[in-house]
Each structure stands twice: as structure tokens, then as C-alpha cells.
Amino acid sequence: MNDRVSAWSRWVFLALPLIIPLIVITVLIAVTNDISLVQRASTAMILMVMVVGLHIFSGNSGVISFGSVAFAMIAAYTSALLTIPVEQKPSLFPDMPGFLSWIVEFSLPVPAGIVVAVLFTGVVAVIVGVPLVRLSGLSAGIATLAFLVVVQVVVTKWKAVTRGESTMVGVPKEATLWWALAGVVLAIAVAALFQVSRNGRRLIATREDDKASMSIGISIPKERLVGWTLSCMVAATGGALYGHYISTFSATTFGFALTFFIVAMLVIGGMGSLTGAVVGVLVVQVLSEFFRTLETQGLGPIPIIDFPGLTEMVLALILLIVLIVRPSGITGGTEVADWFARRKSPESSAS
Amino acid sequence: SSGDTASTEDTAAPAESSAEEVVEEAVVDEGASGGVEPLNIHIVAAKTGIISPFDIQPAEAFTMAIDEINAAGGIAGQQATVTWTDTKSDPALTTQIAEEAVAAGANIIVTTCDFDFAAPAATVAQANNIPALSLCLGDRKGTDLVTIGPMSLSPSPGNAFKGSAAAEFAFEDKGWTKAYVLQDDLLEYTKSLGAYFKGRFTELGGEVIGEDVFTGNEQLDPAANVTRARDAAKDADVIIVPSVVPAATTMIKAIRDAGIDTPIMMPGGAVDGTLVTGAIPDISEFYSLPFACMPAYCEGDPNPQVKVFADAFKAKTGIDPYLSYAVLSYELGKALKAAVEQAGATDGPSIIKAFETLPPTDYLTGPIAWSETCHHTTGRQQRVVEYQNGKGKFVTLITPDKIAAVDPGNPCEAAQSS
Amino acid sequence: MVESDRSDQLVTHGLSVHFDGVKAVDDVDLEVQRGRITGLIGPNGAGKSTLFNAVSGFVPLTAGRVVLGDKDITGWSPTRISQHGLVRSFQDTRIFKTLTVLENVELGAMNQGLNGAKGRDFAYGILELLNIKHLALESAGNVALGDERRAGIARAVATKPDMLLLDEPAAGLDEDETAELSLTIVDLCRELGCGVLLVEHDMSVIFGVCEWIHVMDSGKTIAVGTPQEIRTNPAVIEAYFGKERS
Amino acid sequence: MYLQYVVDAIGTGSLYALMTLGLALVFSVMGLMNFAYGQLVMIGGFSIIMLRQQPWWAIILGTILVVVIASLLMERLAFRPVRAATAMTMLITSFALAQFLQQAARVAFGANPRPLEQFSELSVQYVVGDLFISRQTIITVVVAISIMLALTLLLKKTNIGIQLRASTEDVDMARLVGIKSNRVIASAFVISGVIAAIVSMLFFATRTNVSWSSGESIVLIAFVGAVIGGLGSMVGAALGGFLMGFAYTLLNALLPLELRVFADAFLYTIVIVVLLIRPSGLIAAKGARV
Amino acid sequence: MSLLKLDQISITYGRAVAVKGLSIHVDEGEFVSLIGHNGVGKSSTVKAIAGVVRPTSGSIWFKDRDITQMDSGDILRMGIAVVPEGRHIFTRLTVRENLVVGATISRDRSANLKNLDSMIDRFPVLGKYSSRMAGLLSGGEQQQLAIARALMSSPTMLLLDEPSLGLAPLIVQQVFDLLKELNEQGVSILLIEQNAAQAIIASDRYYVMRTGGVISTEARGGDQVDVAKIEADYLNFGTV
Ligand SMILES: Nc1ncnc2c1ncn2[C@@H]1O[C@H](COP(=O)(O)OP(=O)(O)OP(=O)(O)O)[C@@H](O)[C@H]1O
Ligand SMILES: Nc1ncnc2c1ncn2[C@@H]1O[C@H](COP(=O)(O)OP(=O)(O)OP(=O)(O)O)[C@@H](O)[C@H]1O
Ligand SMILES: [Mg+2]
Ligand SMILES: [Mg+2]
């Protein structure tokens, strides 16, 4: 990157090449008014919020987290509890424990519910993060996975508050394509800001070499905690949006399947780069929607493939091939911004 | 259009709305009597993923019913179309597919057998005033008129009914007075079956001498439960295992391997059929309560129509029905025709109203009906099947006298108690 | 770092580090003064790097104390120690490989609050000093070994330490580069006003820049003194230089 | 009864220990946490069904053969190309592979669980005083201990073991000293496949069905066990797997009824605590210094 | 006839050219050193010979066979052993196991054992810590292990990339003595060294390399060479 550019312009280079095309695509899709296209785009962008959230921590710190879906779940449930219409609450939560009985007595508008849910999730993230950020490598992966299991069990079994195995219903279904777009734009903006910030750069240093970063005064737990909290809050935004988008969900919605799917999209896009997070979601979603179209409508000369499981199999195979052909992800861990920067010769910018 | 009648207020307070609806009914009937459009039925159920084993055969049976109806001239003279899109057992995708179905002009949405996976589609249907007919959902929440709304309806009698029926069979027919309940807490389905069994059993004067719980997923480790059962179930007349396959059969096998010979009963129809006889070929002293006794694994169903259905199903799909759930959705298909023809309209509220007022009819396994308060079926003749040496045998028909009073808000409690 | 806060010396008292059975460092008293370059030499495996690790907080002490200025820093975390002005380089560089050389140095500069354009100018200055400015925008993992080592030193220097611990900075440099580096170290010591503790096997560097030399063998101190004294110390010759040199 | 619980727990623990060994061997060889390992167990299950008409020894040999071939193919086609990639990429590759195999099994064998009754003689119980011990438990314990010792010896004492470990650490350098890394790593997959085949026979002996989803969840516990035990040694891995199974069964046995449904939450909370206390596992690998 | 011959090889990394058109050779039984400033491409050359990186053009011949595209294991089996830059010892193997692994290509167990004993003789520290994880050794100790490991394969040709890096002066002397001794026993040597004077004196012949891998000097080495003059030359040639 050019040495003259400020952090601000680095942010612009990082975020805008991702944000602008997304806005353009969204507008084009909205104009077609094709409900199924709108649906697919909304789902993809909400997932993208979660993937970008994961990237903020895992991508920059190099520490695996399988826990981000747990935070999405916490936020989805929190926002649901806050926003379900007051009239429905008594019948949905007849056994709400005393100390939470106030929840039954009011309901917030959805945007407020999402904001409160994200803030609350942030608090949980800090509490969980303080011990967990001390772990690295597979230990961190397993510990975050364990946290996911714990949250899942609690959500599944704490029937009075979460409706247990029963699905959460009555959640206002308000999230639209535009909400999803707003979520993604916000997520990318935040992620890019973090990446060019002092904290973000320090976190990247700890990813490269923990000992060396300590030797120049970087506190690994502190930097990780900042990244972790931010990451969980962005994932939480995705989770809350998801909740208000599908409007009925249960703990299994936020399970291992979603977790691995999100991690896979990050890796396929190229771990360590924000561009990778965005590209990974796009590629995987476009592919899987392509196959779903084949399955339900056929495509031009290709007839409907009505063989349950076949398209999933082929999709998994294609993802496998992508990984084999490009083990470091589609972007190889570079940013769009790097492609601009590479044009300039090092000599000219160093002088 | 006339579909606007069901508003959110109605959803929240179903009891007081009934009077209004009677008034509106006339309006609806008048407005729609002009002619019946062809039905555009969308099945939003899984062909793949974890719930698919429960969805596939019922969806096929439903399609078969509609095919038969079409061959015989259609619904009110119109050919109905059926489209089945795979939800892949994914709730988010389910929402998406349901909305696509609405956009494609569906007038009926058929949802999956499990509440968690059906709810997203049912919610969309409700929001658009389209009937959300479940293939075989047994959970109260799917049909209580409140959780989803009045558009949702199921051909199943519900878990309250099944659990109560099982308790009455155990206590009255078999004279079992001491039960040990080994509860699978994996699903709302398994939990409510257990709860209703216990409720009715103790109401009748039976005693639950012990309880235990397990989670019936793939990593189930039955050892501790079996060890405990060996001790605690010594005096039990019956061990109740409300669970689903494959965990249920793993647990039953472990109990038998441990040398415990006490009768075992599943108070519902999900652990049944070839899923049981295939897995434990020499299973004995096992009882279940399916909706029909399918000839492939069970002899003696009193209704000859069951064999006709099973043969037709085999002829259509190439495999025997491995569970009895297929009969439910088959009956649903037949009842749908009756309802539309009675309503003389294809808008959601009219069809639902017609379902509620259809007279009890024997479509396949005995007379069934729905009512304004209960969107599960009433009057079902639940079968009891006994397995000895790997063979199933029909024992008796049972319709419970009374639904256990364990869940105060259950709108079917009064409707189903005779 | 505020000027008046600066620590004037680093002292170890009876420092020992044992690894199940191996006495890597054994009862070492060492003193490094600010503004002066102290050499630490000894045969391979003498315990020099371990002493670095102990002082900078990377391995726990078995016994003894480490005092930086007026603070007892025994048991502090590496982060805290480096924030208090004691910064070390690594024998195997530990450069941030996927970052550019410049970014490596900028990260060092952040330790004393230099960020943004200020940090970058400062970093360029240090790269210039170490003669690797032309590599500023290269990925640090792609530069040749000698350059990588200089980048590592630059990164440590950018933190503006009070005490700078350099582990074999000249390894992998050829003779004229080594000579140049020696001069740079002297400059650094003078300009930054820091104390330098230097581990090096290249005697031209040690005798060229050190005012004071500490010699270890098998974890123990075997000699301390001026370059003249050490050069002729028979124990040091025996253990370290080899007979040919004398 | 408490003693009986301990016996039960030892049985479960040993099965997971065995599973973890197969996982840990591949990890120690190429730093790969093979999520698709569970699918090998599933493949084992289906091959038992396919071979059900054969005599028992043919089922055993056939299953081992099928699973070993599957394991080798995995290595050759999916993992070799990503060997140089990050641990994360390898993990996700194995995840994609697992998905693929699951769906392939779904296509090949249908959505429903397939009944399976082979090896059910293994669940015969012996009565020793007050205790019931199944044949399966005894065999599992014996097999797990022998395989653990055999693998430890293999890795520590034989040339191939040393070459295996060398290849893990630095494939380029291993080539430079003349190690045929491809062959060496493939041999680890063969062993891992044999273990998976044995696991599948022992595991399905107590089950009644095999389905396309059979392999998914069991691998998770083994996964966690491997990390808790510390991936540095076979003993550590086996210990970790064993403790997971052991603790799981004991929690199920000893928690009061109301808390029993939270058993998983307790187990995984313990996992987190253990990791916080010993981040690199109970038996940590040595070899890293500053 | 040369034993090892590099003919016009070029090596590039992405867009960066590390070596361009380099031709050098080592004759049978010869001790040749290759010196040059930082980053001129010495290590890249070694890696190309060893088969770790592939030259973009040119060819490498050993014992009259083209080894340019050969697998590094096969190159070793032909008799070329490498002490790589940065040691690359196997940190999670014990010291002894590192040595054993060095003898992978030889099936003669007794010869290997003898070899192992003689290495431990040479480098006593390796004997002292033989059952310790190699990653725990000090830098210089690891360097000694890397040299010893390469010798375990009884090579006919030895490539050494800065073997004296991190070694104490006394040990450096020992290593040079060892190299001379091996050379006298018929092992051909290509040595890369920063310690130019010592390398030149030890070798029969030396090359000075400049940026981009161009050879600026090829001259005779040996005891009688005027080191001061060479150093002066070297400085001149090295400065681009
Ligand atoms: N973590 C450890 N565990 C066990 N032994 C260790 C550890 N760290 C260092 N040692 C041993 O302590 C001794 C001193 O090592 P150290 O690295 O301090 O030597 P050094 O003086 O820096 O040598 P060199 O000049 O070769 O770098 C060595 O014998 C080494 O093997
Ligand atoms: N992996 C790589 N990617 C890109 N450039 C590289 C890579 N490795 C080396 N280079 C470049 O190739 C050139 C030659 O590097 P090489 O390591 O061969 O030099 P060297 O002569 O061994 O230097 P030194 O004496 O410092 O070890 C350097 O300019 C270096 O920046
Ligand atoms: Mg050292
Ligand atoms: Mg080099």
C-alpha cells in the first residue's frame, strides 16, 4: 500500500470495492421484483453478515472459532423475546420465570430489539471472551465449539424462556432485502475499519507470530478480546436479522450445520481477507442456489433433477474441488485493495 | 377478497371470534360460490436432511390421493396440481420455498410432519390466509389455532390423544398398574407423548414407579439408562419408551440385551413397522400405537381398505409403507376434496371452515372429523400393535375416553374426550 | 515513554533457569547500563538465549530476580516487560512474514503511541538507518535471510526501548554488512540512549562495539570484563575462541 | 450399582478412545483433523450390511478392506492436494468431504436408516457377581489398549514411525532426507482406516441401524477428546477420548433426573475448563521453545 | 568432466528474479565455495540443486544426468546431501531420531550405527542430548545437528548453506576441519558462506556472486591466497 495514504483512505479502498457492487446488485435484484431472487439474495446477505463477523476475529487473529453461531443464536432469541407482540407473549411463554416476567409485559419495535440484542450479546461475548481468548489453535476451536454446545443445550432445555425444543414463533417477520443490505454494509464497514485500525493491525500481528508480538508490547488477550467482541456483535447482528427474516427458528437452526457452513464459506473465500469473506458467501450461495434451481425448475435444456441428495452431493464435490484447486481460498487471502496497490511499483511509493 | 377475515386479533383470541366467523361465513359462501378454481397444492416438505424419513412416504401418499381424485374427475370437477419442493430440512430454506409457493399462486400449502420444520411454512401460509395442512403433525402447537393461527390443520389426532390412548390400553386392557417411563427428550413430540401417557395413566389409578431420561441422538449411549432400568424397573409391568428411531431401537435392544424382559410400549406410532422389525428381528413384548396395521409387517388390521391402500402405495412407489403415517396424509388428501367441494370455494378461510364442519367420515381407517376448536382429528381409531418374535399383530382399536388434563390450554382436550 | 521514566539499568540477581535437569542458566548476575553496549558471549548452549528469554519474560525463572530501573520485573508478562522498555530481538528473527517490512516496523512504533503518518515516517527512518528502506514494501517472508534479520532489529528498535536485547544480529550477514551493522548499533545506542545487550558469535562485532563483556559457559558466568581482559582470559579462550585464536 | 456405572463408562470410554486414536494418528501425521473420519465408520456400517450374507470372518476382513480403501482414496484425492495448506483449510476440506460422502450414501442407500444386526452377539452380557459386563466392552477395552500401545511403539520405535513424524513437521525437509512422504502418509491412512473399520464393527454391534447420518455426530466427541488429551502422543489422544466417553456416561448416570437433560452442557463446560487449565491438552507435546 | 554442473539457470519467485543465467560447476572431489552479499540468490541456487525450487530456465547436471526436474528425494539418492539455510531440523523428533532420519536412504543398519557414533564423536553435544527433543536445543546446537544429519546419508556431494551460522568460533573451526577432512576422503563440496575469508582459504576454488546470480569472480582458493586482497576484491565486486 502507498505510504502516503491515510488509514481513512485505506478503509475506503478496503470497504468500497465490496460495498458498492453489493448495493448495485441489490438494487438490480429489487428492480426485477422476482420474489425468489429477492429471497435468495436476502438469505445470502444475512449469511454474509455472519461470515464477515467471523472474519473479524478468526480471519485477523488466526484463531479458529466455531462459536460465532452461538452468538447469532443468543441475539436471535433475545431480539425475538423483545419484539414478539405483547398480546401473543402470555400464551407463548406461560411459565416465564419471575425475574424475567417483565419481558412478557412489553414489546419493542424490531430495530430497537435488534440493537438491544446486539448490545446484550456483546456483553455476553466479553464475559465469555475474557477466559477464552487465552486459547489458540485447535484448543480455541474446541473450546468455542464446546461453548456452542452449552448454549444449544441451555436454549433447548430452558423451555420457559426459549420454548425449548419447540420453535420460536410469532417473531415479527420484518427483515427484508433492504435490511439485509444494511446489515452487510454495516458489517463490511465495521470489519474494514477494524482492519485498518490500530487494534486490528495488532491483532493481525499476533496471528503472524505470538511471541514476536508480545516482544513489541502487544497484549494478545487484550487485542483478541477487542476483535472477539466486535466479531460476536457483528455475528449477533446477522443472527438477529436472520431471526426476523425466517421468523420461526429453534436451537437446531443455529447448530453445527450452520457453523460449519459459515466457516466453510470463509475458508473457500480465502481466510484472512475481508474480500474473501464476501466472495466466499457469494460463490457458495450462487452455486447452491444454482443447484436448487436445477432441482426445482431445471435450467434451459437441463431437465429437473429430481433425485434427492444428488445436488447436495455434487455441491459438496464442487466445494471440495475448489478447496483442492485453491487451498488458500479463492482470493488467496488478499484484498481488492491489494490489487490496486500492486499496480504501483514499490520504488515510486517508497521515496 | 374474502381472505381478509382472519386478522391478528383473531389469532390472539380464537375463543371470542367464533361468533363473528359464523356471520362472516355466509358472506364467504356467497362470495365464493361463483365457481371453484383448480387447486394449486404446494408440498413444502423435506426430501433430504434429517426430517426426510418422516416426510417422504406421507408426501407420496398425499400425492397418490390427489392423483386418484384427479383420475376420478378432480376436485369439484377441476384437476388439482401438486408440486413438491425439497426443503432439505432447513428452516430458512423452508420459509423461502413457502414464499415462492405463495408467489406461484398456491392455494394449499402442505407442511412437514414435525412442528419445528413445518412452522416456517405454516407461518407464511397463515400470513397469506392459505391453509397450511400438515402431512401428519402430532404436536399440539401446530393445530392449536394460536401458535401459528387458524389456517393450520393436521390429520393426526395429536399426541394428547395418542398418549392418553396408550395409557388407557395399558391400564384397562392389559391391567398394567406400574409403569417405568424412559423418556427421550430429543423432540417436543417424544416429550409430549410421555407427558400425556403419564397424565392419563395416573388419572386412571396407575403408578409411575420410576422415570429416566435420555437424548435420542446418534451419540446416544444407553449404558447408564439400562443399568438404572435394571434396578428401578424390576417391579414395573411395562416400560414406556416415548422415542423415535434410530435411538428407540438402540435403546430397546440394549434393554433386551441386558436381560430385561418387561413389556415395552411406545405410546405412539413412530417406533413401528419395518423400522422396528428390521432392526431387532426377534423383538418380543413390544407394543406400539400406529394409525394402521400395515400388511408388510403386521397382520390383522380390521379395515380391509388398509390393505388396498398398502398395495396401491407399493404399486406406485415400489416400496411398502414402512410406517403408518402415510395413511394420515392419504386421508388428508381425500378430506381436502370433500372440504373444497363442501365449501364450493378455494380461498383459505372457506376451506378451513369446511374442514371444521365436515361430518365424521371414514376415508380409510375409520371415521374422523375436525372441529372449530380442534384442528387435530377427533374420533380416530388408534390401533394397538403387539410385536412377538419379530412379527406385528393387530390387538385392538382404541379411542381414549378422556384426554389427560396435563396441558390446560389444549383446545382439543374437550373436543376429543367423549 | 516519558524521558524521566527511563530505566537506567537492567540487573539480574542470581538468575537461574532449569529445564527438567538441564541448568540452562545458573545463578547469573548481570548488569546492563543504559547508553552502553554490553556483550554476552559463550559457546553454543551456554544459556545466552535462555537468559534473554528469562529477562524478557518468555520463560519462568527457577530462581533469582530481574530488576529494570527501579522496578522488579520478575514474573511479569512479556507484553508488560516490553511496554516498560525492555525489548528483545530473536535468534530466529520471528518476523511477521505476511506483512510488509514497513508494517513490521510500524507495529513496533505503535508501542510508543506512534500511529498513522507519524508512525510511518518514524518507521521509514529506522529502515533507512538499517539500510533496508528499499525493501519497505516487500513481504517480510520473501526477503533474504540477512535482510529479514535487519527487519527484525528494526522492529525492535522502533519501540524506542530503554534496553535493547539483540540475539545474534549479525548472523547471516557478510563481512562488510556486519561492519555496517556494528556502526548502526553504536549509533542506535547513542541516538536512542538505550542500553544494548548483545549476543553474537562474530568477534569482530563484539570487540568492535562492546565496552563491557559478559561470558557464559554451561549456564554460569565464567568471566566479566572489558574487551581487553576478555580477549586474553584463558578460561574464555579455552571454552570459546579455541586455541588457534590466541 | 455405582461400580456398574463405572463398568459402563469404561466401555463407552474405550470405544471413544479407539476412535480418537484413529483421528489422532492422522493428525499427528499431517496436522489434519479429519472430520470425514466418522464417515469411514459409516462406510464400515454399510459394508457390514452389504456383506451380511457372508461368514463372520469375511464380514470382518471385507469391512476392513472397504474402509481402508476408502481411507486411502480420501488421502489421495482430497487431502494430499491440501497438505501444504493451513489447518483450517484441511479441516474444512475434510468437512466438505464428509458432506459429500454423507450425501453419496444418501443417494446410494436412501434416506431411511438401514437395519443392521450383525455382530449383535457381541452385546451378550456376562454376569460377574453383581456386575454385568458385555462381550463388546471387554473386546473394546482390549483392542483399544493394544492399538494404543502398538501405535505408540510404531511411532516411537520404528523407522516408519520416525519418518511419519518427520513428514508431519516439514514435508519439504523430509523429502530432502529421502523420506517418501507420500507413501509414509498413505500408510498412516491405512492404519487409521483399519481402526475406523474396527470402530464401526464395535459401534454398530450395539446399534440397530446404519444411516447416512450415522458418522456425523460420533466423530465430534472423538474430536474433542483428541484435543483435550493433547495431540502430542497416542497415549494422550486415547486418554482424551476415553475421558470424554467416561465422563459422558458417568454424568448420565449420576446427575439427578432434572439435570440429566443438561448432561451435555456439563460435559462441555468441563471441556472448556480443562482447556483453560491445560491449553495444549492433558499430555502436551514438547519441542517448542522461544 | 564436472560432477555437478549448473547451466544458465534462472530462478524467479512470482515477478521477482532471484537468479539469472547462472552457470557454475563442481568437479569430482573438489571443494568449491560460493560467496556474495545478502539476497544475491545463493540460497535459491542451493534450493534449485536440491530440487526444492524449480529453475525457470536452464539445466542442472549431476553425474552426467539431468536432475533439473528430479524429485528432491531422488537427488539425495544420487548422492547430494543438503544442509539447508535455517537448519530445518525436525523439532519434535529427538536428536537421535533426527540423525536416524538422516540415514533414511541407507539400508545398511550397521553402517548407519557407525555413522551415528562418529557424528556423536564429532559433535559431543549431540550425544549429550541424544534423547532430547531437537526443538529444545540452542540455535548453535541445532546447526550442528543439521550438519550431522546431512552427513548421515554418506553423500558423495555436500551442499552447505551457511553452515557456520550461529556457531561459536571454536565450533566453526571444527566444522571447517571436518569439511576439509571429508573433502580429502573424496566428498565433493559446495559451500555457501558469509564468512568469506575462511571459506576461500578452505576451498579449492570459489565464485563470487552478484545480484541476480551473476558470477563476478571465479578464482582459485586455498591456504596460500592473499586473504586481504580477496576481501578487498570481494567488497568491490559485491557493491553494485
Ligand atoms: N525449553 C527448553 N527445554 C529444555 N532445554 C532447553 C530449553 N531451552 C533451552 N534449553 C537448553 O538450554 C541450553 C541453553 O540454551 P540457549 O539457547 O540459551 O543457548 P545459547 O547460549 O543461546 O546457545 P547458541 O549460541 O547456540 O544460541 C541448551 O543446552 C538448550 O538445549
Ligand atoms: N519465496 C520467495 N518469494 C519471493 N522472493 C523471494 C523468495 N525467496 C527469496 N526471494 C528473493 O530472492 C532473492 C534471493 O534470495 P536468496 O535467499 O536466494 O538470497 P541469499 O543469497 O541466500 O541471501 P542471504 O545471504 O541473505 O541468505 C532475494 O532478493 C529475495 O528477496
Ligand atoms: Mg542462542
Ligand atoms: Mg541465503
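Each chain gets a letter, A, B and so on, in the order its sequence line appears, and its residues count up from 1. Since this is a predicted model, take the numbers as computed values, not measurements.
Counting only distance, with no hydrogens or angles, the side chain of B/S329 and the backbone of B/P58 share a donor-acceptor pair below 3.5 Å. Put simply, the side chain of D/S94 gets close to the backbone of D/M33: a donor and an acceptor are under 3.5 Å apart.
Between chain D and the options B/T274, B/T215, B/L220, heavy-atom pairs under 4.5 Å are most frequent for B/L220. Comparing B/I56, B/V213, B/N225, B/V245 by heavy-atom pairs within less than 4.5 Å of chain D, the highest count is held by B/V213. The candidate with the highest count of non-hydrogen atom pairs below 4.5 Å against chain D, out of B/P246, B/P222, B/A247, is B/P246. Chain D forms more heavy-atom pairs under 4.5 Å with one residue of B/K47, B/Q183, B/R230 than with any other, namely B/R230. Options D/S211, D/A111, D/A9, D/S123 differ in how many heavy-atom pairs under 4.5 Å they form with chain B, and the most are formed by D/S123. The choice from D/G110, D/P113, D/S214 that makes the most heavy-atom pairs within less than 4.5 Å of chain B is D/S214.
When heavy atoms are compared at a cutoff of 4.5 Å, D/R207 approaches chain B by way of both its backbone and its side chain. For B/T277, no part lies under 4.5 angstrom from a heavy atom of chain D. Only the side chain of D/Y16 comes within contact range of chain B, with heavy atoms under 4.5 Å apart. For a residue to count as touching a neighbouring chain, one of its non-hydrogen atoms must lie under 4.5 Å from one of that chain's; by this rule B/Y322 touches chain D with the side chain only.
Using a cutoff of 4.0 Å between basic side-chain nitrogens and carboxylate oxygens, B/D231 and B/K234 are scored as salt-bridged. Salt bridge annotation for B/D235-B/K178: absent, with no cationic side-chain nitrogen under 4.0 angstrom from a carboxylate oxygen. Classification of B/D185 and B/K191 as a salt-bridged pair fails, no side-chain N sitting under 4.0 Å from a carboxylate O. Ionic pairing of B/K141 and B/D139 is present here: one or more N-O contacts between side-chain nitrogen and carboxylate oxygen are shorter than 4.0 angstrom.
Between B/Y297 and B/Y387, the ring planes are parallel. Angles under 30° get that label, and only those over 60° would be called perpendicular. Classified by interplanar angle (parallel below 30°, tilted 30° to 60°, perpendicular above 60°), the ring pair D/F109/D/F46 is parallel.
Residues B/F62 and B/Y330 place their aromatic rings such that the two centres sit no closer than 6.0 Å.
Contacts of residues 249-263 of chain B with chain D at a heavy-atom distance below 4.5 Å involve B/T249, B/T250, B/K253, B/D257, B/A258, listed in sequence order.
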Which side-chain N or O atoms in residues 237-258 of chain D pair as donor and acceptor under 3.5 Å with protein atoms at least two apart or in another chain?
| unit_1 | atom_1 | unit_2 | atom_2 | d |
| --- | --- | --- | --- | --- |
| D/T249 | OG1 | B/D221 | OD2 | 2.6 |
| D/T249 | OG1 | D/T12 | OG1 | 3.2 |
| D/T249 | OG1 | D/G245 | O | 3.1 |

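The side chain to side chain contact (heavy atoms under 4.5 Å, CB included) test with B/Q57 singles out one residue from B/C136, B/P321, B/S324, B/C113, and that residue is B/P321.
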